[in-house]
Amino acid sequence: MKVILRLWRWGWDLIAIAGGIAILLGFFGSAHPALDSLSHFRAHLAAITAIAAFMRIVSGSGFGRGLSMLILLLAFVAGIPTARFMIPDSSVRLDPGETYSLLQYNARHNEVAVSNVMLDKQPDFATLQEVTVTKLEMNKELMALYPYRASCDNGSLRAQGTILLSKYPFEGEPVCQPGSNVVRATILLGDHALTLVTQHLQWPWPYGQKEALAEDVAALRTISGAAILAGDFNAAPWSVTVKRYASLTRTAPTKGIGPTWLLSGTDLSLRPYVGLPIDNILTSGVAIAQVQRFDRKGSDHMPVLMRFAFEDY
């Protein structure tokens, strides 16, 4: 019986220590992109590590118990800041009168799913990824609703499936930087100029996310004033990658979206609860009235709808 109890404690010790190390390493994402990849799972690691540490604490005395107390504290300190991004908040945050709406959706080349959600919600703007533009244009009803479109054809596979749709005309020509996955357009809404940006960032290390971000730096530094950057970042909002985007564009990630993606082939009904929050919307100069996810079939990502107004309403 003592041997079984000892193995029980050692098991929880191992899980708690491994989780604690993984959490700590994730805070050094600026040192190497592999560590930033680890940071995307910080919320999940914090929850698993906290459970393991608690189980070890209640399993008996010894050095492992004291160490688990420290690890439990670490899990709470690391996990609590992620809650504002992991816990969805679809409440109405302000009611300023006139608001605009934007839909963010990585459709995984399911143009029927895109058309259905767009015609259902009819947002003012849409930022889409993994969409075949020619197939989308075959839906005449949708194209009539969104006569203004911008997309990229610069040799980048990800950029080719990235598109902006708008009910309002663009001010000047949309911009697509050579070699970049960023599509940018300016829209005049009354007395306000809004910069609308969509991008589809590469997967994290070892798949070249850091290098892809480096290619986008020139395009991102030109963004100023009221702006919305929405897309599939393939990165959590607390990661070095998203913080870098926010710093370059003087924007902030939207809180309360919640998890939006789960690996294709898994049980997607679990996506709103244990998925990763990688479909992000960064803003500056606008006040967010409401943000909602929709659990739609057809993609491993969930569409996100944001309602906003200009900050000087």
Indicate yes or no for a side-chain donor-acceptor contact from [X] to the backbone of [Y] under 3.5 Å, with no hydrogens or angles considered.
X: Ser247; Y: Lys243; result: no
X: Arg293; Y: Pro88; result: no
X: Ser166; Y: Tyr168; result: yes
X: Asn280; Y: Ala235; result: yes
X: His44; Y: Gly275; result: yes
X: Ser299; Y: Asn106; result: yes
X: Lys255; Y: Ile87; result: no
X: Gln290; Y: Ser91; result: no
X: Tyr146; Y: Ala126; result: no
X: Arg108; Y: Ser264; result: no

Looking only at heavy atoms, what is the nearest atom pair of [X] and [Y], with distance?
X: Pro237; Y: Pro277; answer: CD-O, 3.2 Å
X: Pro272; Y: Ser269; answer: CD-O, 3.4 Å
X: Arg65; Y: Ile57; answer: NE-O, 3.0 Å
X: Leu164; Y: Ala185; answer: CD1-CB, 3.9 Å
X: Leu45; Y: Thr49; answer: O-OG1, 2.6 Å
X: Val131; Y: Val114; answer: CG2-CG2, 4.1 Å

When the ring planes of Tyr100 and Phe125 are compared, do they come out parallel, tilted or perpendicular, using 30° and 60° as the limits?
tilted
Pair Val133-Glu137, side-chain contact (heavy atoms from CB on, under 4.5 Å): steps then yes or no
CA-CA 6 Å; Val133 179; Glu137 289 176 341; 3.6 Å; yes
With Gln129 via side chain to side chain donor-acceptor pair (under 3.5 Å) - residues at least two apart:
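If we apply the side chain to side chain donor-acceptor pair (under 3.5 Å) test to Gln129, skipping adjacent residues, the hits are Gln104, Thr198.
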By side chain to side chain donor-acceptor pair (under 3.5 Å), Thr241 pairs with (sequence neighbours left out) Asp36, Gln209
Quick check: Tyr245 with Phe233 (ring centres under 6.0 Å apart)?
yes
Please test Thr222 against Arg184 for side-chain hydrogen bond (donor to acceptor under 3.5 Å, both in side chains), starting from the C-alpha separation and ending with a verdict.
CA-CA 10 Å; Thr222 63; Arg184 184 176 85 248; 3.3 Å; yes
Under 4.5 Å between side-chain heavy atoms, hopping through other hydrophobics if needed: is there a path connecting [X] to [Y]?
X: Leu282; Y: Val197; value: yes
X: Phe310; Y: Met306; value: yes
X: Ile257; Y: Trp238; value: no
X: Ile21; Y: Leu35; value: yes
X: Phe41; Y: Leu270; value: no

Who pairs with His32 by ring pair (Phe, Tyr, Trp, His ring centres under 6.0 Å), at least two apart in sequence or on another chain?
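Testing His32 for ring pair (Phe, Tyr, Trp, His ring centres under 6.0 Å), a comparison that skips the adjacent residues, returns Trp205.
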Non-hydrogen side-chain atoms of [X] and [Y] separated by less than 4.5 Å:
X: Met143; Y: Asn139; result: no
X: Leu165; Y: Leu136; result: yes
X: Leu103; Y: Thr127; result: no
X: Ile71; Y: Leu73; result: no
X: Arg250; Y: Ser284; result: no
X: Thr132; Y: Glu111; result: yes
X: Ser101; Y: Leu305; result: yes
X: Asp232; Y: Ile278; result: yes

Roughly how far apart are [X] [atom1] and [Y] [atom2], rounded to 0.5 Å?
X: Lys135; Y: His109; atom1: NZ; atom2: NE2; answer: 8.5 Å
X: Leu74; Y: Ile23; atom1: CG; atom2: CD1; answer: 5.0 Å
X: Glu211; Y: Leu213; atom1: CD; atom2: CG; answer: 9.5 Å
X: Ser239; Y: Leu38; atom1: OG; atom2: CG; answer: 12.0 Å
X: Glu173; Y: Thr186; atom1: CD; atom2: OG1; answer: 11.5 Å
X: Tyr105; Y: His301; atom1: OH; atom2: NE2; answer: 9.5 Å

Per the salt bridge (charged side-chain N to carboxylate O under 4.0 Å, His left out) rule, what does the pair list look like for residues 12-34, sequence neighbours excluded?
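Every pair satisfying salt bridge (charged side-chain N to carboxylate O under 4.0 Å, His left out) with a residue in residues 12-34: Asp13-Arg56.
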After noting the C-alpha distance and the side-chain angles of Leu262 and Leu276, does the key distance pass the side-chain contact (heavy atoms from CB on, under 4.5 Å) rule?
CA-CA 7 Å; Leu262 197 60; Leu276 285 173; over 6 Å; no
If you apply the rule side-chain contact (heavy atoms from CB on, under 4.5 Å), what do you find for Leu229 with Thr249, and how did you get there?
CA-CA 9 Å; Leu229 288 79; Thr249 57; 3.6 Å; yes
[atom1] of [X]: more than 12 outside heavy atoms within 6.0 angstrom?
X: Asp267; atom1: CG; result: yes
X: Phe170; atom1: CZ; result: yes
X: Gln122; atom1: CD; result: yes

Can I get a per-line list of side-chain donor-acceptor pairs under 3.5 Å for residues 78-85, giving both atom names and the distance, sequence neighbours left out?
from  : atom 1 : to    : atom 2 : distance (Å)
Thr82 : OG1    : Gly79 : O      : 2.6
Arg84 : NE     : Pro81 : O      : 3.3

With Ile228 as reference, evaluate Ile187, Leu194, Thr251 under the side chain to side chain contact (heavy atoms under 4.5 Å, CB included) test and give the passing residue.
Leu194
Could you please spell out the steps behind the side-chain contact (heavy atoms from CB on, under 4.5 Å) verdict for Val304 and Ile281?
CA-CA 9 Å; Val304 180; Ile281 303 175; 4.0 Å; yes
Is the cationic atom of Arg42 (NZ for Lys, CZ for Arg) positioned less than 6.0 Å from the six-membered ring centroid of Phe27 and within 45 degrees of its normal?
yes
Among Asp300, Thr260, Asp295, Thr266, which one satisfies side chain to side chain donor-acceptor pair (under 3.5 Å) with Arg271?
Asp295
Sequence neighbours excluded, every pair satisfying ring pair (Phe, Tyr, Trp, His ring centres under 6.0 Å) that has a member inside residues 268-300:
none
